[in-house]
There are 2 protein chains.
Amino acid sequence: MVQNSETTESKRRGRPRAYDPQAALLRAMDAFWKKGYSGTSLDDLSAATGMNRPSLYAAFGDKRSLYLKALAHYWQVALDTMRADLADGGPLADSLMRAYEGALSIYFSGEDEARGCFVVGTAVTEAVEDAEIRDSLMRGFLSFDADFKSRFQAAREKGELKGDADPAVLATLATAVMHTIAIRARSGAARADLREFARKAIGVLCG
Amino acid sequence: MVQNSETTESKRRGRPRAYDPQAALLRAMDAFWKKGYSGTSLDDLSAATGMNRPSLYAAFGDKRSLYLKALAHYWQVALDTMRADLADGGPLADSLMRAYEGALSIYFSGEDEARGCFVVGTAVTEAVEDAEIRDSLMRGFLSFDADFKSRFQAAREKGELKGDADPAVLATLATAVMHTIAIRARSGAARADLREFARKAIGVLCG
DNA sequence: AGGATTTTATGCGAGATGGTACAAAATTCT
DNA sequence: AGAATTTTGTACCATCTCGCATAAAATCCT
């Protein structure tokens, strides 16, 4: 994505960086995750990362650029996690439950408060005014749908689903379950309740 | 909700208001709807309502107070609309489709751009830091669930659903469909596609 | 040791932001 | 007509916001 000069070459010319850019990106993501894009100031980001503003600037560009990098990173982690959860063997219901468990781990990964999904909790708000964010959302959600659909198709070929089941619809519904869990987690719902709902919803989807 | 002195008494003592408070609240809601709570400035609100800042203050209190009033109004409209759509007679699938059609009308009611759901698009972001908003979300979503659940229960008693169908789970799933439609509408999905998804999702729920 | 190079740290500046003071304007009551 | 009352409009203030200029610090190369 960036030049690999940073990771490969260990001997850099000038004063060494005081902070790991990758770790800083994660802390910046945490800050955005809590307060949203507009609600997070550069002072918040500076405090979260431990970097002063010029360093933030040199490392990530301006505020929006930093947010987009955090968003891209989140998508990557979220999609990779879900693909891995869905790919592991076992019955369809187990695969789906693993995916929802994985999502819940992310949604409740905050220090004190439940933050839900980074995308749903922060990017959706900006989507109306920012076309780049909007496109990123559309692509990401369709990617979720596609992964679920593949899993449903595989299940149908194995006879785990009724023959008239529509993998595309079930996939979008599976994403819908994830969306409502993300929303409700950020709205104060208990993790155990959401887990239980996921379990029962899977029952309906695998009906 | 407020004193009815404003609406009933037509003769007020001092200089008359230049703007209708109710209409102004709707315009303010539009402004928040587009840019979110943090992203909307008092200048935005002033421009949207045509009121200058001191008038905004006198009418609605500070920015957060105005937002909370807009949020309460949206909940009222959204819940009333859905209850009416679900209550009208006919088969379960028709009731559900009416509810989703009604939601889509709201989500695509913006001037140019699709804004999705006001709650999902703006309040969810603030929920982590603002306990009052968070509680409002929890109550509202559970209210949606409850209304759907009543409708599913009525359908089951009429024999429209299989006996082993769980109205509570189906209700939360129905809300999940609404959530994902809200999210996707704001992310640029086409109204026709969302409508089609709703139709097919109803097929799964009414299994 | 000294120059070159890169990052850090302090701090500034132009503009936006939320909120308010104050006087002028528009109406009702006496 | 004039006092009382309520809203409007202008202007202002303290603070925050983003972004950057500039100098000091820490390393590598010769």
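We use all heavy atoms of the structure for the numbers below, so side chains are in, but hydrogens, waters and symmetry mates are not. What you are looking at is a predicted structure, and each value in this text was computed from that prediction instead of being measured. The sequence lines fix the lettering, A, B, ..., with proteins before strands; numbering per chain opens at 1.
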Asker: In whole angstrom, what separates B/D20's CG from D/dT7's P?
Answerer: 14 Å

Asker: Please give, in whole Å, the distance from D/dG19 P to A/L56 CG?
Answerer: 11 Å

Asker: Check this for me: does any side-chain nitrogen of one of A/R98 and A/E101 sit under 4.0 Å from a carboxylate oxygen of the other?
Answerer: no

Asker: By side chain to side chain donor-acceptor pair (under 3.5 Å), which residues pair with A/R83, not counting sequence neighbours?
Answerer: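 Applying side chain to side chain donor-acceptor pair (under 3.5 Å) to A/R83 gives A/S143, A/D147.
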
Asker: Name every residue in residues 30-49 of chain A that has at least one heavy atom under 4.0 Å from any atom of DNA chain D, in order of residue number, or write none if there are no such residues.
Answerer: A/T40, A/S41, A/L42

Asker: Taking only distance into account, with no hydrogens and no angle test, what donor-acceptor pairs under 3.5 Å do side-chain atoms of residues 200-207 of chain A form with protein atoms, sequence neighbours excluded?
Answerer:
none

Asker: Can you run down the salt bridge (Lys or Arg N to Asp or Glu O under 4.0 Å) pairs that involve residues 104-113 of chain A, sequence neighbours left out, and say none if there aren't any?
Answerer: none

Asker: Check the distance between D/dT17's C1' and A/Y57's OH and give it to me in whole angstrom.
Answerer: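 Those two atoms, OH and C1', are 11 Å apart.
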
Asker: List the residues meeting ring pair (Phe, Tyr, Trp, His ring centres under 6.0 Å) with A/F32, not counting sequence neighbours, and say none if there are none.
Answerer: A/Y37, A/Y67

Asker: Side chains of residues 182-192 of chain A: which donor-acceptor partners sit under 3.5 Å, not counting sequence neighbours?
Answerer:
from	atom 1	to	atom 2	distance (Å)
A/R184	NE	A/T180	OG1	2.9
A/R184	NH1	B/D145	OD2	2.7
A/R184	NH2	B/D145	OD1	3.0
A/R184	NH2	B/D145	OD2	3.3
A/R186	NE	B/V124	O	2.8
A/R186	NH1	A/W33	O	2.9
A/R186	NH1	A/R115	O	2.8
A/R186	NH2	A/W33	O	3.1
A/R186	NH2	A/K34	O	3.3
A/R186	NH2	B/T125	O	2.8
A/S187	OG	A/I183	O	2.8

Asker: Only counting residues at least two apart or in another chain, list the ones meeting side chain to side chain donor-acceptor pair (under 3.5 Å) with A/E129.
Answerer: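 So A/E129 forms no side chain to side chain donor-acceptor pair (under 3.5 Å) with any residue.
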
Asker: Take atom CG of A/D62 and atom C1' of D/dT17, then tell me their distance rounded to the nearest Å.
Answerer: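 Those two atoms, CG and C1', are 13 Å apart.
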
Asker: Show each protein N/O and nucleotides 5-9 of chain C N/O combination with a separation under 3.5 Å, one pair to a line.
Answerer:
from	atom 1	to	atom 2	distance (Å)
C/dT6	O2	A/R15	N	2.9
C/dT7	OP1	A/R12	NH2	2.8
C/dT7	O4'	A/R15	O	3.2
C/dT8	OP1	A/A18	N	2.9
C/dT8	OP2	A/S55	OG	2.8
C/dA9	OP2	A/N52	ND2	3.2

Asker: Would you kindly check whether a donor in the side chain of B/R53 faces an acceptor in the base of C/dG18, or vice versa, at under 3.5 angstrom?
Answerer: yes

Asker: If the condition is side chain to side chain donor-acceptor pair (under 3.5 Å), which residues does B/K69 pass it with, not counting sequence neighbours?
Answerer: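 Side chain to side chain donor-acceptor pair (under 3.5 Å) list for B/K69, sorted by chain: B/S65.
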
